[in-house]
Amino acid sequence: MSKELEYLSKRVAANKLSRRDFLGRASALGVSAAAANTMLSGAAHAAGPVKGGTLKIGMNGGASTDTLDPGLVASQATKGVLRHWGDTLVNASPTGELDMRLAESIESSPDAKVWHFNMRQGVEFHNGKTMTAEDAMKTIERHSNEESKSGALGIVKGIESMSVSGNTLSVTLDTPNADLPYLLADYHLVIQPNGGMDDPNAGIGTGPYTVEVNEPGVRYGFKKFANHWDESIGHAAETELLVLNDATARMAALQSGQVHMVNSVEPKVASLLDRAPGISVKNVSGRGHYVFIMHTDTAPFDNKDLRLALKYAINRQEMVDKILKGYGGVGNDMPINASYPLFDETIPQREYDPEKAAEHYKASGHDGSPIILRVADAAFPGAVDAAQLFQQSAAAAGIPLEIKREPNDGYWSEVWNKQPFCASYWGGRPVQDQMYSTAYLSTADWNDTRFNNPEFDSLLSQAKAELDPAKRKALYSQMGHIVRDEGGLICPMFNDFVDAVSDKVGGFEPDPNGELMDNIASSRCWLA
Amino acid sequence: MHPVLKLIAQRLALGILLLLAASLLIFAGTQILPGDVAQSILGQSATPEALANLRAELGLNEPAMSRYFSWLAGAIQGDLGTALTNGQDITKSLGGRLKNTLFLAFWAAVVAVPLAIFLGLLAVRFRERWPDKLISAVTLASISVPEFLIGYVLMYIVGVKLGWAPTVATVYDSMSFLEKLNAIALPVAVLTMVVLAHMMRMTRAAILNVMQSAYIETAELKGLSSFQVIYRHAFPNAIAPVVNVVMLNLAYLVVGVVVVEVVFVYPGMGQYLVDHVSKRDVPVVQACGLIFAAVYIGLNMVADIVSILANPRLRHPK
């Protein structure tokens, strides 16, 4: 096959060239339609994993201060590293089901209070030890004990007791939770030998790749773990993860072929990059959302009419078009979108409506002094521009907003969760319950809207114990309505995960759980 | 004591004093950064319990002065402590970064210094003619463009379009020497362009200044070629200001290349410092600050001493 045709057929496979155009160009090159057709299906299905080679990934969000301790993982690159060498009990699949990893099967008591995890047999750690239910228990213990600094502390602290009998780990919760398996899919909860109690930074796990090079903030090198339990993954013989924090450097590295895939493509360059030869941009709508949050217990935001006025005064579509350049979807003043299981599509979309905003603003009786909105680009990329758009659309409704720029440094410790009205970002969670329990339950640590609604709280605990999906869906719908109408959240947009992948890479399928296939691209993709 | 030795001893003592003052300033600076270490390490998703646990573990509840003095005592003995964030030994991890920074600075200097001096001499030789004007225009243009922009432009043209050099300059131990040189080709080019103009202009100005002297006229009348006049008679007498500006630029190559490091993902000191500042890792920030200050003070001291030594009146006092 000529180089030209090969290139064209790959473009079709990558959806960059229509079939009709391809056949036209093929016949111009003197190839019969039948032959061209065969060629096409060849390109599309040439698939089938190829073993070997070195797969290179460029990611932002790494620093020389990073450690390998799974509990302290908080940024993109470190999460990418963790997914190489560690396995969790389960994963959340792209379609929202459970993908069994180190747990082979899960059972629960009818009230969703006691859970039994049957562990997979014959799984080996990188140090040669065999993984047991004991290791899993110790891991959860380490993340949940008093001294824990783990990012998963909030997830596992509802565990009352754990026990191991033979091959089964039993977990008893203090309150029922039908979503426990999804919570344990959290990436921090990588099973380590003896739970990582001996050395949390060892980087020893059961994952498809072993850590060979660990230079925090610079580069990580991995080698295929020969005794990994799942033979269907881990195609490349070696992988390398380069920390490329500078966006331009990341894109240049992909274009010059120094890496095969990158995360965090800026929306403003995504369409340009997609047109570059040999590269395709992959985006998937995720659960992360860019928000403005008001403390519902602080004046003037303790007034429901004022909150509604501000919610009607924001132009969501404009934000998606201008801030996300179309790589995202509009929000509906609740932290949930269609990417979540059990989402109720019938909740009406709130639109920009200056008249209604003015009406509510008048009803709130606000004295007309400017409302201070604190913002920094640390909150989310383009936050300052978004605040200015908000200021203009609110001004059209007669609501004066004053933007106060805060330094990026220290934004999360000094402004977020402290000031009554600011810009923020939420990464989303695998299930609705976790999102609501993390940030909207009145007693939650990160209740950053100071939302206190007894009805909402009781619905939340009802839904936790409800194992019937239809009934849970109805409960979640009710909760969504409450947050949307009563809450302190103004959610203009959900951002897409935007990655870019070289055409040399096969097997890439975007996953709404996270960027780069929820960071497992390195073990699911191959070099074609 | 020989006056030169006395002078060097004086300068050294002054340097150490200056270094101590700098360490105090650095310390005061790190204390007024907003936010705290624990929050910065754990990020947005930190719970109050996790924060309290980490703070106690890091000893952040101790008074600032006692933390400073115990650190200073350690630093004098070559022990810079351990990083608060990842528990790594600072002396060890900083050593690797410093080596990388010096490697990049060395090769940039090897290219830039002789080139700048040669271009300076050339500009004097063809003063006010087209080579002089061309050299000035090109070097001034390159110093006027922000270095990250030069970096991006080179990256796009040389790296992406032509594919001659890698756009990511990450070097590591298992690379061969030639691979390392290949990796740093682009950052060296950028740094050369950034420091060239300053040194070239200074060389040109200093020599032109000397060229007005009577002995130059004598040399010309002797029948020496104009390049020989510049090289043998003018340059040695213009050495003091040239050394000064060369040292200033060398210091810049070590302490001021953060932006270039970030653009080319080069694992040097600058990036290391920035990472730790944003995590409020005070011991590391202080260690980096101290090393940067030492480099700056040291190189300036060398410049001082060389320019004094280049002056015969000081070398041979009556």
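Chain A is the first sequence line, chain B the second, and so forth, proteins listed ahead of strands; every chain is numbered from 1. Below, each value reflects all heavy atoms present in this structure, side chains not excepted, and no hydrogens, waters or symmetry copies.
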- Query: Given that the side chain runs from C-beta out, which part of A:N408 has a heavy atom under 4.5 Å from chain B: side chain, backbone, both or neither?
  - Reply: neither

- Can you say whether A:L242 sits under 4.5 Å from chain B via the side chain, the backbone, both, or neither, judging by heavy atoms? side chain

Contacts under 3.5 angstrom, residues 256-267 of chain B side chains, donor-acceptor by atom type, not counting sequence neighbours:
| residue | atom | partner | partner atom | Å |
| --- | --- | --- | --- | --- |
| B:E261 | OE1 | B:G270 | N | 2.9 |
| B:E261 | OE1 | B:Q271 | N | 2.9 |
| B:Y266 | OH | B:N100 | O | 2.7 |

- Query: So what's closer than 4.5 Å to chain A heavy atoms on B:Y152: side chain, backbone, both or neither?
  - Reply: side chain

- Message: Please identify, among A:T65, A:T67, A:N417, A:D246, the residue contributing the most non-hydrogen atom pairs under 4.5 Å to chain B.
- Response: A:T65

- Working to the nearest 0.5 Å, report the span between OG1 of A:T248 and CZ of B:F148. 9.0 Å

- Query: Taking everything shown except A:K504 itself, do over 12 heavy atoms lie less than 6.0 Å from its NZ?
  - Reply: no

- Among B:T170, B:V171, B:V168, whose side chain to side chain contact (heavy atoms under 4.5 Å, CB included) with A:R219 holds? B:T170

- Tightest non-hydrogen contact, residues A:S256 and B:G159, listed as CB-O, 3.8 Å

- Determine whether more than 12 heavy atoms belonging to other residues, nucleotides or ligands lie under 6.0 Å from atom OH of B:Y156. no

- Looking at OG1 of B:T167 and CG of A:L254, how far apart are the two atoms once the value is rounded to the nearest 0.5 Å? 9.5 Å

- Note on the structure: Taken to the nearest 0.5 Å, the spacing of A:S64 OG from B:L94 CG works out to 10.0 Å

- Message: If you count heavy-atom pairs within less than 4.5 Å of chain B, which of A:M251, A:Q255, A:Q258 leads?
- Response: A:Q258

- Message: Heavy-atom pairs under 4.5 Å with chain A - which of B:R97, B:H276, B:K161, B:M155 has more of them than the others?
- Response: B:H276

- NZ of A:K268: more than 12 outside heavy atoms within 6.0 angstrom? no

- So what's closer than 4.5 Å to chain B heavy atoms on A:V243: side chain, backbone, both or neither? backbone

